[in-house]
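Here's the structure we're looking at; comments come further down.
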Amino acid sequence: MSWHALGGSIEQGLAYGVLALGVYLTFRVLQFADLTVDGTFPLGAAVAAVLIVGGTSPVTAVAVAFLAGAAAGAVTGFMHTKMRIAGLLASILTMTALYSVNLRIMGRPNVPLLRQPTIFTMLAERGFDHPLQALVVFGVLALLVKLSIDWFLSTHLGLAVRATGDNPVMIRSLGVNTDSMIILGLAFSNGLVALAGAMIAQYQGYADVGMGLGTIITGLASVILGNALIKPATVFRGTLGALLGAVLYRLAIYFALSAGFAPTDLRIVTAGIVVLALAGPAIKERLAGRKAPTDEELDAIARASGVVPLGARPEQAGKEGM
Amino acid sequence: MLVIKGLTKTFPVGGGSVKIAVDRVDLTVEKGQFVTVIGSNGAGKSTLLNLIAGHHLPDRGTITLDGVDITRWSEHRRAGYIGRVFQDPLQGTAASMTIEENLSMAELRGKRRTLRRGVTPAARARYRELLAPLGLGLEHRLQSEVRLLSGGQRQSLSLIMATMTRPSLLLLDEHTAALDPKTAQQVLELTNRIVTEYRLTTLMVTHNLEHALRLGHRTIMMHEGRIVLDLSGPEREKMTVPDLLKEFSRARGTELLEDRLLLA
Ligand SMILES: Nc1ncnc2c1ncn2[C@@H]1O[C@H](COP(=O)(O)OP(=O)(O)OP(=O)(O)O)[C@@H](O)[C@H]1O
Ligand SMILES: [Mg+2]
């Protein structure tokens, strides 16, 4: 086992953690399976790479990539809410369109960033040149993104976004335009995914039009894996789980590769993990076979919910029907 | 004050024909008046409330609330002025969020939501004060998720959330129907207390005739989309449940026998 490769997996895990946090926002908070991310991840990479090659500072390039991703997310949101296209389909449409957009932005399928300034070379020039540099950069970034999501979801606006995912009827009855909340949530989420794309392009030294394939599955696998370990009872735990899941997912891939899996087989392994995790409750129920509750347990449950057995029930007074 | 004029709503029922759910209804509810709404299944009570709340748009007619014509307003815009409690206790609250988060969202009814902190210590103190008189102990559980509450507790919380900003109008659609009799009674008493204390203009749909007569200032009966009986003052005070059933039969033009059977 190589410590170097292991460190690389953790680096990547934290980098993809930002992506997982974006997916957490749509999948867990808005309850929206958003395939737009398969397009916004390479979009962020493309925008950042082209800007950097054109002489823009890498930091500005990442910020613009975030905005580009947010705009793409808003397009999906608009199609879903205002044009009443089913969420999954709306996101597939944006993702498909983004493939052309990304090729237009880059002008060709691949933009190399070798010998270009990146956030990493900038930091090295300023004296932070260390084998753990990327680990620190991605660690700090992932933590900042996690904390900003935690903060956002505790504001008045963020509470309304959460309620839109939980109970749209209720939050509408409190005067909130749920359409706007869905668009906002999708924009924030896809902005983060594009930001992850922009950072990873600089880390790996190129942007590629094909790098988005399977982004949603990576994100879902991370969120589901993380939440299996840390119950997402609060937002804080939910985002922590997404981050942890992203790192674990990379480690799992690393070990799968060391165990002799071909890199081309990884997708089916990932899909398998997601299917297993999603089917978990149903499988558990089948395997265990429901244990029959005893009389005592039934009585206890009945007492707790205030049920009086038939016969002991007093006549229901004042209940004339019409 | 709520003023409804000529309000009409039809639903297509297939085969090109329509069902008239609400038929040219005129209704004026004075500020602070508590009106109970009765009528058989399918009479149009829920549709009337849904039209007022903006869940449906009417085919004809106008709705004016406190002098403002809201007929074409979107549902969420009206919600700034109209509080609602639904029949299903699950509908009025966000289950995965805490009691205090739910209250915070309700406190901002109709206001712009910004990036300010949702639940502040000051807000928490307010919520404790608001919940303590209910006697449900919810003031000690502000940070519990709402899904852990019983149906009655959730419905009480929904009621608090619907009324805490003292909206111009409160709409209650059989909001105790899904609860067991004892809990229903408690929620009903809470409703009466809040509506009376805040002097809320209220429409409450119920199938319980005794509740309809005992609570509030006025009772209207709907049948086939129209208001067929409008009781208030001494006339209403004298009215008993059997009287009301007689009135109901007359309005419907059917034999009393049917209702006797229902009563038995
Ligand atoms: N969304 C809808 N689409 C089609 N028809 C509807 C719709 N909503 C209501 N209706 C019809 O309009 C009529 C009035 O229904 P409404 O729900 O208002 O009655 P209600 O008085 O509330 O009855 P209940 O006491 O059963 O709740 C019924 O015939 C119903 O089938
Ligand atoms: Mg109804």
Side-chain angles (χ1 to χ4, degrees), chain A residues 28-31 81-82 148-182 184 188 227 231-238 301-308 313-322, chain B residues 38-41 53 55 74-86 90-98 101-102 104-106 108-119 145 150 152 158 161-162 180-183 185 207-211 214 241-242 244-245 248 259 262-263:
Chain A
R28 280 274 188 251
V29 176
L30 281 178
Q31 321 266 346
T81 57
K82 305 295 179 194
S148 64
I149 292 179
D150 292 352
W151 164 79
F152 172 69
L153 292 179
S154 74
T155 65
H156 287 303
L157 200 56
L159 290 179
V161 170
R162 283 167 65 196
T164 299
D166 183 304
N167 187 346
V169 172
M170 166 264 185
I171 194 67
R172 227 177 280 130
S173 83
L174 294 176
V176 170
N177 183 344
T178 46
D179 288 356
S180 308
M181 295 304 114
I182 291 172
L184 177 67
F188 191 11
N227 287 167
K231 278 248 158 61
T234 59
V235 171
F236 184 88
R237 293 171 64 97
I301 293 166
R303 264 197 309 279
S305 54
V307 175
V308 186
R313 190 188 286 273
E315 275 305 301
Q316 292 186 13
K319 268 239 134 186
E320 292 88 344
M322 285 201 61
Chain B
I38 55 176
S40 54
N41 294 117
H55 189 69
S74 67
E75 186 175 10
H76 61 85
R77 186 169 171 208
R78 291 181 209 206
Y81 306 89
I82 301 178
R84 287 191 91 174
V85 182
F86 305 94
L90 303 184
Q91 281 210 313
T93 45
S96 70
M97 299 172 74
T98 62
E101 285 169 341
N102 273 277
S104 164
M105 293 189 286
L108 243 71
R109 173 188 296 283
K111 295 217 187 83
R112 251 182 79 84
R113 283 161 212 262
T114 63
L115 292 176
R116 273 169 206 263
R117 195 158 144 210
V119 183
E145 281 178 55
S150 69
S158 304
M161 287 168 60
D180 67 79
K182 194 167 141 252
T183 314
Q185 195 62 38
H207 276 279
N208 186 312
L209 301 187
E210 204 178 286
H211 292 165
R214 194 165 52 80
V241 170
L244 200 57
L245 280 171
F248 180 61
D259 299 308
L262 276 171
L263 253 178

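Here is the naming used below: chain letters follow the sequence lines, and residue numbers restart at 1 for every chain.
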[X], part contacting chain A, at a heavy-atom distance under 4.5 Å:
{"X": "B:R116", "result": "both"}
{"X": "B:Y81", "result": "neither"}
{"X": "B:S74", "result": "neither"}
{"X": "B:Q185", "result": "neither"}

Spatial distance of atom [atom1] ([X]) from atom [atom2] ([Y]) [nearest 0.5 Å]:
{"X": "A:R162", "Y": "B:S96", "atom1": "CZ", "atom2": "OG", "value": "6.5 Å"}
{"X": "B:E101", "Y": "A:D166", "atom1": "CD", "atom2": "CG", "value": "10.0 Å"}
{"X": "B:R113", "Y": "A:M181", "atom1": "CZ", "atom2": "CE", "value": "8.0 Å"}

Can you tell me which of [options] forms the most heavy-atom pairs within a distance under 4.5 Å of chain B?
{"options": "A:L157, A:L159, A:L174", "answer": "A:L174"}
{"options": "A:V169, A:T234, A:N177", "answer": "A:N177"}
{"options": "A:A163, A:G165, A:A160, A:S173", "answer": "A:S173"}

| query | Picking from B:G80, B:A95, B:S150, which has the most non-hydrogen pairs under 4.5 angstrom with chain A? | reply | B:A95

| Most chain A-contacting option - heavy-atom pairs closer than 4.5 Å, from B:I82, B:N102, B:L115 | B:L115

| query | Above 12 or not: heavy atoms from other molecules or residues under 6.0 Å from NZ of A:K231? | reply | no

| With distance as the sole test, does A:N167 use its side chain to make a donor-acceptor pair with the main-chain N or O of B:L90 at under 3.5 Å? | yes

| message | Quick check on A:I171 against chain B: is it the side chain, the backbone, both or neither that has a heavy atom closer than 4.5 Å? | response | side chain

| message | What I'd like to find out is whether the side chain of B:M105 reaches to under 4.5 Å of the side chain of A:V176, using heavy atoms alone. | response | no

| query | Which pair of heavy atoms, one from A:H156 and one from B:R117, lies closest together, and at what distance? | reply | NE2-O, 3.4 Å

